[in-house]
Amino acid sequence: MSKLPLKYYQQDDVVFLAKDLIGKKLCTCIDGVFSAGIVTETEAYRGWGDKACHAHAGRRTPRTDIMYQRGGVAYVYLCYGIHHLFNIITNLEEKADAVLIRAIEPTHGKEIMLQRRKLQEVSPRLSSGPGNMSKALGIQHIHYGEKLDGEMIWLETMTPKVPDENITVTTRIGIDYAGDDAHLPWRFYKNNSRFVSKL
DNA sequence: GACAAGATTCGCT
DNA sequence: GCGAATCTTGTCG
């Protein structure tokens, strides 16, 4: 296994990256505790021409400032005052593209994930859905802006790669406010995985 | 400084 | 399937 370099995240096609990230291993080391899982579901958000993106059309605020950085950093924000959502910033400076990780399949540190989620046994609910996934891996707001080739959060390549025919392409979730852009086919998930937020 | 709304989840009907 | 929980952020006054 090998850690993905920052250069990987700086490719210019965020939709391709969202799909390519399916099957990669997402690892975190929080307070010295290691946990990891296979990415099973993602969504792409594009800074320009996508109303669903927090930084669409050059919108720049203290919260979205990180999105305008060069790809390869974490964008974590609190949604509904309850859930931490984890995004990967991609592309180059000023593009503001991002990939939202929506679900993973736990591979390492299942006990610690169960403890964080206050659950008794592993189930899809443990790490499916952006809020649940972040909590299971211990991702919090303090990881805002964290580099993805560091010691806290990173991704690793996995072999064999998930073939295209095993990845379903569909519309994104929970962004009805974005009008027509809510119908863009920018959500990807691994076929036959129990760890997907919604089929 | 005040107010409305959100890339969600869970529990109850 | 529906509605509450809960608080940061963005926008407006």
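Keep in mind that the numbers below use all heavy atoms, side chains included, and drop hydrogens, waters and symmetry copies. Chain A is the first sequence line, chain B the second, and so forth, proteins listed ahead of strands; every chain is numbered from 1.
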Exercise for the section: Determine the interatomic distance between P on B:dA7 and the same-named atom on C:dG1; round to the nearest Å. Expected result: 23 Å
Practice task
Check the hydrophobic clustering (I, L, V, M, F, W, Y; side-chain heavy atoms under 4.5 Å; chains of links allowed) and say if A:W186 and A:I22 are grouped together.
Solution key: yes
Exercise for the section: Examine B:dA5: is either OP1 or OP2 under 4.0 Å from a nitrogen or oxygen in the side chain of A:Y80? Give yes or no. Expected result: no
Fill in the blank from the handout: Which of C:dT8, C:dT11, B:dT8 is nearest the side chain of A:R59? It is C:dT11
Completion exercise
A:Y77 has its side chain closest, among B:dT9, B:dA7, C:dC7, to B:dA7
Exercise for the section: In whole angstrom, give me the gap between the P atoms of B:dA2 and C:dT6. Expected result: 22 Å
Practice task
For A:R172, answer base if it contacts any base atom (sugar-phosphate contacts may also be present), sugar-phosphate if it contacts only those atoms, and nothing otherwise; contact means non-hydrogen atoms under 4.0 Å.
Solution key: nothing
Practice task
For the pair A:R46 and A:D181, find out whether any cationic side-chain nitrogen is under 4.0 Å from an anionic carboxylate oxygen.
Solution key: no
Practice task
Would you check if there is a donor-acceptor pair between the side chains of A:T28 and A:S35 at a distance under 3.5 Å?
Solution key: yes
Practice task
List the steps and the verdict of side-chain contact (heavy atoms from CB on, under 4.5 Å) for A:L100 and A:Y75.
Solution key: CA-CA 9 Å; A:L100 168 70; A:Y75 168 46; over 6 Å; no
Problem - Side-chain heavy-atom pair A:L137, A:M113 within 4.5 angstrom cut-off - result: yes
Exercise for the section: Kindly indicate whether the side chain of A:H54 and the base of B:dA7 share any N or O donor-acceptor pair separated by less than 3.5 Å? Expected result: yes
Exercise for the section: Quickly work out the A:R102 CZ to B:dT9 P distance and round it to whole Å. Expected result: 7 Å
Exercise for the section: Answer yes or no: is there a side-chain heavy-atom contact under 4.5 Å between A:D13 and A:D97? Expected result: no
Practice task
Give a yes/no verdict on base stacking between B:dG6 and A:Y177: centres under 5.5 Å, planes within less than 30° of parallel.
Solution key: no
Exercise for the section: Return the value, rounded to whole Å, for the distance between atom CG of A:L85 and atom C1' of B:dT9. Expected result: 11 Å
Exercise for the section: For the residue pair A:D65 and A:R60, establish whether any side-chain heavy-atom pair is separated by less than 4.5 Å. Expected result: yes
Exercise for the section: Calculate the interatomic distance between A:F188 atom CZ and B:dA7 atom C1'; express it in whole Å. Expected result: 16 Å
Practice task
Select base, sugar-phosphate, or nothing to describe what A:I82 touches, counting heavy atoms under 4.0 Å on all strands.
Solution key: base
Problem - Sugar-phosphate only, base, or nothing, as touched by A:R60 at under 4.0 Å among non-hydrogen atoms - result: nothing
Problem - Mate of C:dT6 where both pairing distances stay under 3.5 Å, Watson-Crick or G-U - result: none
Exercise for the section: Please answer whether the main-chain N or O of A:A136 pairs with a side-chain N or O of A:R116 as donor and acceptor at a distance below 3.5 Å. Expected result: yes
Exercise for the section: Would you mind pulling out the nucleotide paired to B:dA7, Watson-Crick or G-U wobble, both distances under 3.5 Å? Expected result: none
Exercise for the section: With heavy atoms under 4.0 Å as the rule, sort A:L100 into base, sugar-phosphate or nothing. Expected result: base
Exercise for the section: Enumerate the residues from residues 114-139 of chain A whose closest heavy atom to DNA chain B is under 4.0 Å, giving them by residue number; use none for an empty result. Expected result: A:R117, A:R125, A:G129, A:P130, A:G131, A:N132
Problem - Nucleotide C:dT9, atom C1' - distance to OH of A:Y144 in whole Å - result: 11 Å
Exercise for the section: For B:dA7, take OP1 and OP2 only and decide whether either is under 4.0 Å from a side-chain N or O of A:R187. Expected result: no
